[in-house]
Visitor: 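Questions regarding the structure given below will be posed in turn.
Just follow the structure's listing: the first ligand is 1, and inside any ligand the first atom is 1. Quick caveat: nothing in here was measured; it's all calculated off a predicted structure.
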Amino acid sequence: MEVINSAKEIVERIAVLKSLGKTIGFVPTMGALHDGHFSLISKSLSQVDITICSIFVNPTQFNNADDLLKYPRTLADDCNGLEKAGCHIVFTPTIEEIYPGGADNFKVDLPLNGLDAKMEGEHRPGHFEGVVQVVKRLLDIVTPERLFMGQKDFQQFTIIRYMIDQLKIPTKLVVCETLREEDGLAMSSRNRRLTNEHRQDAAVIYRVLNQAKVWIDSKSIAEIEKKAMDYLNIPGFKPEYFTIINGHNLETIDSIVDVKEIVACTAVWAGDVRLIDNMILKN
Ligand code: PAF
């Protein structure tokens, strides 16, 4: 596996690969890799010739300085894991490589059309501008045929799909299923920061999402959201939102009538660790 830190170098390397007719798949990450990430790598390996993974903790998507500081950084383990997984190139740039002259030079002028108004956007102001900014920059550098992202970040991949569409970027977004631990907790880099007790209790999130799937045919949306918030409110946990939306446009819904894809999305604080998850209730 090649490890490349410089944007110029990876652009040149990719030009050579493309001149040889190779197709490129790209998995952007912030490191602290787990099996969920490796499943994106293997999906890419099965669909394209060359798989590139980036590891870059993007400061512009953190609205909370403490969260940025505490974000786990495990570069050596990540590279070992990627090598074993069969990844071809890992791109590990510095902030200066991604944003030469400052991040403000790389602002993306794309109104998000309300897609960022609720849920993560509401609770993490500026987060999606940062995500759009870094993914656009990475796509400009890597120019992949395919981009692989996880369903766990439902709002994120919907916004990236919108960006690709609006900016007519010639990359196909492939959304991959959320990988879960045995008890149902969605895999996340943040899980390693949970205390043992919170880790044990965190499976409540998956249980409540499943419960919402059962309730969707018999209870009102408002009732499900309220009950779910109550169920998630266990000692040490603080649910931030449990919202049922139209999966196509991320708008909140009052009823399931005429909605093709119904998704429940939630964010919960377990101590000082913020966990998100979602489940498609109907499609
Ligand atoms: O999902 C993530 O890890 C990040 O938001 C991403 C897409 C790598 C952008 O920094």
Visitor: Would you call Arg274-Glu240 a salt bridge at under 4.0 Å N-O?
Guide: yes
Visitor: Hey, would you say the His127 and Phe62 ring centroids sit under 6.0 Å apart?
Guide: no
Visitor: Considering only non-hydrogen protein atoms, determine which one is nearest to atom 1 (O) of ligand 1 and report residue, atom name and distance to 0.1 Å.
Guide: Gln156 NE2, 2.8 Å
Visitor: Centre-to-centre under 6.0 Å for Phe242 and Tyr231, is that the case here?
Guide: no
Visitor: Can Lys18 and Thr23 be counted as having a side-chain donor-acceptor contact under 3.5 angstrom?
Guide: no
Visitor: Give the atoms of ligand 1, by number and element, whose distance to some non-hydrogen atom of Val134 is under 4.0 Å.
Guide: 9 (C), 10 (O)
Visitor: Within a distance under 4.0 Å of any heavy atom of Met149, pick out the atoms of ligand 1 and give their elements.
Guide: 7 (C)
Visitor: Could you identify the single nearest non-hydrogen protein atom to atom 3 (O) of ligand 1 and state the distance to 0.1 Å?
Guide: Met30 CG, 3.7 Å
Visitor: With heavy atoms of Gln61 as the reference, note each atom of ligand 1 found under 4.0 Å away.
Guide: 4 (C), 5 (O), 9 (C), 10 (O)
Visitor: What part of Ile160, side chain, backbone, both or neither, has a heavy atom within less than 4.0 angstrom of ligand 1?
Guide: neither
Visitor: List the steps, then state whether side-chain contact (heavy atoms from CB on, under 4.5 Å) holds for Leu115 with Gln155.
Guide: CA-CA 8 Å; Leu115 289 174; Gln155 196 170 10; 5.9 Å; no
